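Atoms within each ligand, like the ligands themselves, are counted from 1 in listed order. These numbers come from the heavy atoms of this one structure, side chains and all, not from hydrogens, waters or symmetry mates. Residue numbers start at 1 and run along the sequence shown. Quick caveat: nothing in here was measured; it's all calculated off a predicted structure.
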Amino acid sequence: MGVKTAVLISGRGSNLKALIDAAQGNPGYPAEIACVISNKPDAPGLFMARKAGIHAIGLNHRDYKDRKAFEDAIQALLEKYECELVVLAGFMRLLTPEFTARWYGKMINIHPSLLPSFKGAYAHRDALASGVCISGCTVHFVSPEMDAGPIILQAAVPVLEEDTESSLAARVLVQEHRCLPYALKLLAEGRLHIKGMKVEINPATVHTAPPALLNPPLEME
Ligand code: GAR
């Protein structure tokens, strides 16, 4: 049994599925998805989690008088299912500084841009509008300021001339599904150490530096 982890979602749940596949498909995976919570009770991700045999709870934020009451209900579920870690996987509600402080170092988020660029709910639209040639995704610790906590890992993809929000989102999503299960593995193994805004991985990941991603490619080399 791995470290009990809650996943918070608001919709489709494709990142949640990547986490479930990693946790249920690899005997050595160090985290276990103990519950899934959605602020949208009809989120497809909830149904998918139930099919996978996971406690999946819809908590409509509109049923609570304020953010604190909503978060108290989340906290009660995290305690009920004895969760030690929390993953925000497409969870589209802002969390209060009190809640983020309580879970600091134990709660991570996936965001579909190379932070600190393009924070917020319209990352792909903003990336396309800015003219960047490269975008990607970021997994980071959650801090009180939205999309601004210490960065754990990032993946980059090219932005193509003909891209729409949905074609760029699809290209980034493939990388999200690789990054998020890996980041949770590092966290559950106790290998992530926050040093200010930096995250140290101990022991360090063994790698040779990847080649640069150039977009457009240089025709002169
Ligand atoms: C993902 O692309 C995730 O990065 C994004 O929502 C999508 C959820 O998809 N999150 C944010 O924009 C958070 N600001 P999913 O439900 O299929 O995992």
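The pair Asp163-Arg171 meets the salt-bridge criterion, since a charged nitrogen lies less than 4.0 angstrom from a carboxylate oxygen. Using a 4.0 Å cut-off between charged side-chain N and carboxylate O, Lys4 and Glu82 make a salt bridge.
Given atom 16 (O) of ligand 1, the protein heavy atom at minimum distance is Gly13 N, 2.8 Å. Closest to atom 14 (N) of ligand 1 among all protein heavy atoms lies His111 ND1, 3.4 Å. For atom 12 (O) of ligand 1, the nearest protein heavy atom (residue, atom name, distance) is Pro112 CD, 3.4 Å.
In this structure, Leu78 and Ile37 have side chains that are in contact, with non-hydrogen atoms separated by less than 4.5 Å. With a 4.5 Å cut-off on side-chain heavy atoms, His177 and Asn15 count as touching.
The closest non-hydrogen atom to atom 1 (C) of ligand 1, taken over Lys17, Glu176, Arg12, comes from Glu176.
Residue Gly45 places no heavy atom under 4.0 Å from ligand 1. No heavy atom of Ile9 sits closer than 4.0 Å to any atom of ligand 1. Within the structure, the closest approach of Met92 to ligand 1 falls below 4.0 Å when heavy atoms are considered.
The distance criterion of under 3.5 Å between nitrogen or oxygen atoms is not met by Leu16 with respect to ligand 1. In terms of polar-atom proximity, defined here as any N/O pair under 3.5 Å, Asn15 does make such a contact with ligand 1.
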Step-by-step side-chain contact (heavy atoms from CB on, under 4.5 Å) determination, Lys106 to Val86: CA-CA 6 Å; Lys106 295 181 176 304; Val86 178; over 6 Å; no
CA sep, side-chain torsions, deciding dist, call: Val159, Ile134, side-chain contact (heavy atoms from CB on, under 4.5 Å): CA-CA 5 Å; Val159 178; Ile134 291 174; 5.6 Å; no
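Judged by the 6.0 Å distance and 45° axis criteria, Arg125 is positioned over the aromatic ring of Tyr122.
The atoms of ligand 1 that sit less than 4.0 Å from any heavy atom of Gly90 are 6 (O), 8 (C), 10 (N). In the vicinity of Ser14, heavy-atom distances shorter than 4.0 Å reach the ligand 1 atoms 15 (P), 16 (O), 17 (O), 18 (O).
Considering Lys68, Arg102, Glu71 in turn, Glu71 is the only one that fulfils the side-chain hydrogen bond (donor to acceptor under 3.5 Å, both in side chains) rule with Thr96.
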